[in-house]
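Read the numbers this way: they start at 1 and go in the same order the structure lists the ligands and their atoms. Heads up: numbering here begins at 1 and tracks the sequence.
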Amino acid sequence: MRGSFRGIKRVLITYLGVLASGNGSNFERLAQAVLSSEIPNAQIACLVTDRECPALDRAGRLDIPFFIFKPVDFALAVEWTGAITDCLKNHKVELVLFAGFLRKIEQPLLAAYKNRILNIHPALLPGFGGKGMYGRRVHEAVIAAGVKESGVTIHVVDEQYDHGPVVWQERIPVEPTDTPETLEAKIHQLEHTAYPRAVAQYLKQMAEPA
Ligand code: GRF
């Protein structure tokens, strides 16, 4: 994405679109990482949510354009997904980042952004993922299974829940004293450093010639 013309370096900005349904702390961390160039040469073009949620307040504070697309306002799921796709395209988004987005996305968004949608999951996929595996439930399942490690996974989104190729994982030990609450808090912290790193690496790969 860098070019030079008669000695003048030109740096192209990649526009990111974030989709969230809740608190939005990962969204805010991504926005900070863009501002600090931890994620270099990028800009968050917009936040899209499917409901009223605290992530919208964060976007307001960060001066990032935000849009709410409620499925109930559309006759068909495909129309809802189409409206989100149009919004992202209108904002020149090239990479879509799910940050606590709780709905399954199908065509036409997947077709428009093939290999260009990432999701963050608070466990080590392929374990502890799939339909209904979100929030505290993930950490309850990890503790109940008695595994020694958990962590964070960032993966490419495809048609199945928590399924596409893994692009980044970070691990932490599950201590015998951990509860779902303590594990959730530790993993949430880890997400805030892991997601910006994973996005920076993915953008670098996107910029490299195939
Ligand atoms: C995170 O735990 C993420 O892994 C999951 O949803 C949660 C979102 O947290 N997909 P926040 O809204 O960014 O605080």
Would Ala99 count as being in polar contact with ligand 1, using the rule that some N or O on each side must be under 3.5 angstrom apart? no

Out of Glu191, Arg58, His139, the nearest non-hydrogen contact to atom 2 (O) of ligand 1 is supplied by Glu191

Contact check, side chains of Leu109 and Leu88, non-hydrogen atoms, under 4.5 Å: yes

re atom 10 (N) of ligand 1, the protein heavy-atom contact at minimum distance is Ile120 O, 2.9 Å

Would you say NZ of Lys92 has more than 12 non-hydrogen atoms from neighbouring residues, nucleotides or ligands within 6.0 angstrom? no

Close N or O approach (His188, ligand 1; < 3.5 Å): yes

Does His192 reach ligand 1 with a nitrogen or oxygen that is under 3.5 Å from one of the ligand's nitrogen or oxygen atoms? no

The closest protein heavy-atom partner of atom 14 (O) of ligand 1 is Ser25 OG, 2.5 Å

Determine the interplanar angle of the Phe69 and Phe74 rings, folded into 0 to 90°, and report it as parallel if under 30°, tilted if 30 to 60°, perpendicular if over 60°. tilted

Short N/O distance, under 3.5 Å, between Gly24 and ligand 1? yes

Out of Leu56, Asp50, Thr49, which one pairs with Glu52 under the side-chain contact (heavy atoms from CB on, under 4.5 Å) rule? Leu56

So if I count the atoms of ligand 1 from 1 in the order they appear, which ones are less than 4.0 Å from some heavy atom of Asn23? 12 (O), 14 (O)

Please tell me if the side chains of Thr182 and Glu175 come closer than 4.5 Å, counting only heavy atoms from C-beta onward. no

Regarding Arg103 and the six-membered ring of Phe101, is the cationic atom NZ or CZ under 6.0 Å from the ring centre and inside 45° of its axis? no

Which atoms of ligand 1 have any heavy atom of Gly100 under 4.0 Å away? 6 (O), 8 (C), 10 (N)

Whether the Ser150 and His139 side chains hold a donor-acceptor pair (N or O, under 3.5 Å, no angle test) is what I'd like checked. no

